[in-house]
Amino acid sequence: MNNSAKDEPVRSLGDASASAELGRLRDSIDNIDAAVIHMLAERFKCTQQVGHLKAAHKLPPADPAREARQIARLRELAENAKLDPAFAEKFLNFIIAEVIRHHETIARA
Ligand SMILES: C=C(O[C@@H]1C=C(C(=O)O)C=C[C@H]1O)C(=O)O
C-alpha cells in the first residue's frame with residue numbers, strides 16, 4: 001500500500017498554511033503595487049508641470065546632467081536597500097524616457 005492516504009491530513013494542513021501565507025504576501029504585494037501607482041501618478045503630475053515650465057522658457061525636454069545625478073543617487077539608494085542597482089537604473093531610465101516623451105509633446109503643442 002502506498003502512503004498517500006496516510007499522509008493526506010498532514011499535506012492538507014501544509015497546503016492550507018502555505019496558501020494562507022501566499023494570500024498574506026499577495027495582499028502586501030497588492031498594497032505595494034497600489035502605492036507605486038499612486039507615487040508614479042504624483043511624480044508625473046510634477047513632471048508635467050516641469051514640461052510646461054520648460055516649454056514656456058524654451059528649455060530642452062531632456063536634461064542629461066540632471067539624469068546622471070539622479071541615476072548615481074538611485075543606484076546608491078538601491079545598493080543600501082539591497083535592490084539591484086542595475087535594475088534601479090533601468091527602471092528610472094524607463095520612467096524618464098516617458099517623461100521626456102511627454103515634454104516633447106508639450107513643447108510641440
Ligand atoms: C523632469 C525633468 O525633465 C526630464 C525628466 C527627468 C525625470 O523624469 O526625472 C529628469 C531630467 C529630464 O531629462 C527635469 O528636467 O527635471
Side-chain angles (χ1 to χ4, degrees):
M1 174 182 128
N2 68 35
N3 284 333
S4 60
K6 177 168 68 67
D7 291 344
E8 195 57 43
V10 172
R11 188 151 18 109
S12 299
L13 263 183
D15 286 353
S17 81
S19 98
E21 186 174 5
L22 184 59
R24 265 197 313 277
L25 291 168
R26 285 180 173 172
D27 283 348
S28 286
I29 290 167
D30 287 347
N31 284 343
I32 292 164
D33 287 348
V36 168
I37 292 299
H38 286 119
M39 286 191 288
L40 278 176
E42 286 305 306
R43 191 184 199 279
F44 275 97
K45 281 184 201 166
C46 292
T47 56
Q48 284 297 94
Q49 291 180 51
V50 170
H52 286 283
L53 203 55
K54 283 180 172 179
H57 295 271
K58 306 245 178 302
L59 294 167
D63 183 343
R66 159 83 174 148
E67 292 170 28
R69 290 194 300 275
Q70 287 167 282
I71 287 165
R73 176 172 173 267
L74 279 211
R75 286 188 65 101
E76 192 182 345
L77 285 173
E79 262 175 51
N80 293 339
K82 300 188 180 1
L83 178 72
D84 180 1
F87 170 77
E89 180 170 348
K90 248 193 290 181
F91 181 66
L92 184 64
N93 278 330
F94 179 69
I95 293 167
I96 290 176
E98 181 70 6
V99 170
I100 291 170
R101 210 175 57 76
H102 293 178
H103 287 186
E104 288 166 348
T105 303
I106 294 166
R108 275 197 304 271

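These numbers were taken from a predicted model, which means no experiment stands behind them. Counting begins at 1 with the first residue of the sequence. All values below come from the heavy atoms of this structure, side chains included, with hydrogens, waters and symmetry mates left out. Atoms within a ligand are numbered from 1 in the order they appear, just like the ligands themselves.
Shown here for P60 and K54, the closest heavy-atom pair between the two residues is O-CD, 3.4 Å. Considering all non-hydrogen atoms of both residues, I106 and A55 come closest at CG2-CB, 3.9 Å.
Applying the ring pair (Phe, Tyr, Trp, His ring centres under 6.0 Å) test to H102 and every residue at least two apart in sequence or in another chain returns F44. In terms of the side chain to side chain contact (heavy atoms under 4.5 Å, CB included) criterion, residue partners of E104 (sequence neighbours excluded) are, by chain and number, P61, I100, R108. Residues forming a salt bridge (charged side-chain N to carboxylate O under 4.0 Å, His left out) with E98 (at least two apart in sequence, or on another chain): R101.
Listed by chain and number, residues touching ligand 1 at under 4.0 Å (heavy atoms only) are R43, T47, V50, K54, P61, A62, D63, R66, E67, Q70, I96, V99, I100, H103.
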TODO: Begin with the C-alpha distance, continue with both residues' side-chain angles, and end with the deciding distance and a verdict on side chain to side chain contact (heavy atoms under 4.5 Å, CB included) for Q49 and H52.
DONE: CA-CA 5 Å; Q49 291 180 51; H52 286 283; 5.8 Å; no
